[in-house]
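Computed from a prediction, not measured in an experiment: that's the story for all the values here.
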Amino acid sequence: MARLVNLTPHPIVIFTQEGKIVVPPSGVVARVREIVEDVGQMMLEDGTVIPLRRKFLADDIEGLPDPADDTIYIVSFLAAQVAWTQGRTDVVSTGDPVRDENGRIIGVTSLYVKP
């Protein structure tokens, strides 16, 4: 049996055949670190200068604990993709969404695992 730990900032609602499961946020959020670099500037015809920057994702995840026995971590899809490239099999992201009558996501029916 597995224990789910929610490393997102909001509750995760999973609809199952038996009902629904609510996994509250753990208080820790796993995020892929972003790197931003200044690379120059662009001058427009009127003399206006616009800074140019480059933004890319680091290959590490802040807030993701080391693997623990029988523990599955729920993270964003982006964080899951990075974790999966590092060989982590204890990380999932929210799967197929369930929407209310206004189109807002109110939960999921599955969890995505490493391909």
Side-chain angles (χ1 to χ4, degrees):
M1 298 204 350
R3 176 176 77 104
L4 293 174
V5 176
N6 180 356
L7 298 178
T8 75
H10 48 79
I12 301 294
V13 178
I14 306 168
F15 292 96
T16 71
Q17 292 178 350
E18 294 79 22
K20 74 177 182 179
I21 299 166
V22 179
V23 185
S26 66
V28 174
V29 176
R31 296 190 197 293
V32 177
R33 192 169 51 88
E34 295 178 346
I35 299 170
V36 179
E37 299 174 340
D38 292 321
V39 295
Q41 60 187 18
M42 173 191 324
M43 184 175 294
L44 303 180
E45 293 174 344
D46 67 358
T48 302
V49 176
I50 300 173
L52 299 176
R53 304 181 90 194
R54 178 178 25 230
K55 179 177 173 179
F56 55 97
L57 300 174
D59 60 359
D60 61 321
I61 305 167
E62 298 171 339
L64 180 62
D66 290 333
D69 290 340
D70 302 320
T71 301
I72 301 296
Y73 299 105
I74 303 173
V75 301
S76 70
F77 185 67
L78 182 60
Q81 287 181 306
V82 172
W84 295 335
T85 63
Q86 297 172 351
R88 296 284 296 259
T89 58
D90 60 333
V91 173
V92 299
S93 71
T94 55
D96 305 296
V98 175
R99 297 180 185 274
D100 68 11
E101 61 278 354
N102 297 315
R104 292 179 300 213
I105 295 175
I106 59 170
V108 298
T109 59
S110 65
L111 296 171
Y112 292 144
V113 298
K114 180 180 179 181

Does the side chain of T94 come within less than 4.5 Å of I74's, by heavy atoms? yes

Can you hop from V91 to F77 via hydrophobic side chains spaced under 4.5 Å? yes

Enumerate the residue pairs fulfilling side chain to side chain donor-acceptor pair (under 3.5 Å) with a member in residues 18-31, sequence neighbours excluded, ordered by first and then second residue. T16-E18

Locate the shortest heavy-atom distance separating P25 from H10; write the atom from each residue and the value. CG-C, 3.8 Å

When rounded to the nearest 0.5 Å, the distance separating OG of S93 from NZ of K114 is 14.0 Å

CA sep, side-chain torsions, deciding dist, call: E37, R53, salt bridge (Lys or Arg N to Asp or Glu O under 4.0 Å): CA-CA 5 Å; E37 299 174 340; R53 304 181 90 194; over 6 Å; no

Under 3.5 Å, is there a donor-acceptor pair between the side chain of E62 and the main chain of V29? no

So L4 and N6, side chain to side chain contact (heavy atoms under 4.5 Å, CB included) or not? Walk me through it. CA-CA 6 Å; L4 293 174; N6 180 356; over 6 Å; no

How long is the straight-line distance from CG of D60 back to CZ of R33, given to the nearest 0.5 Å? 4.0 Å

What one should report as the nearest heavy-atom pair of V36 and K55 is CG2-CG, 4.0 Å

Is there a path from V39 to L44 through hydrophobic residues (I, L, V, M, F, W, Y) whose side chains come within less than 4.5 Å of each other? yes

Output for pair (L111 CG, I12 CD1), nearest 0.5 Å, gives 8.5 Å

Heavy-atom closest pair, residues G95 and V108: O-CG1, 3.5 Å

Please check: side-chain N/O of T71 versus main-chain N/O of D69, any donor-acceptor pairing under 3.5 Å? yes

Measure from the side-chain N and O atoms of Y73 to the backbone N and O of D66, and report whether any donor-acceptor pair falls under 3.5 Å. yes

Side-chain heavy atoms nearer than 4.5 Å, only ILVMFWY residues, links allowed to pass through others: does that put I21 and I106 together? no

For I61 versus A79, what's the shortest heavy-atom pair and its separation? CD1-O, 3.2 Å

If you compare all heavy atoms of V75 against all heavy atoms of A30, which two are closest, and at what distance to 0.1 Å? CG1-CB, 3.8 Å

Could you check whether any side-chain N or O of S110 sits under 3.5 Å from a backbone N or O of D96, counting only pairs where one atom can act as donor and the other as acceptor? yes

Hydrophobic clusters here meaning ILVMFWY residues chained together by side-chain heavy-atom distances under 4.5 Å, can you tell me if V113 and L78 are in one? no

Where do R88 and L64 come nearest, in terms of heavy atoms and distance? NH1-CD2, 3.5 Å

Side-chain donor or acceptor of D100 paired with backbone N/O of N102 under 3.5 Å: yes

Expected output: side-chain W84 to main-chain V92 donor-acceptor under 3.5 Å: no

Should V82 and Y112 be regarded as members of a common hydrophobic cluster, given that ILVMFWY residues are connected when their side-chain heavy atoms come within less than 4.5 Å of each other, either directly or indirectly? yes

Within this structure, what is the CZ-CD1 distance for the pair R54 and I35, rounded to the nearest 0.5 Å? 10.5 Å

Could you tell me whether R3 and D70 make a salt bridge, using a distance below 4.0 angstrom between a side-chain N and a carboxylate O? no

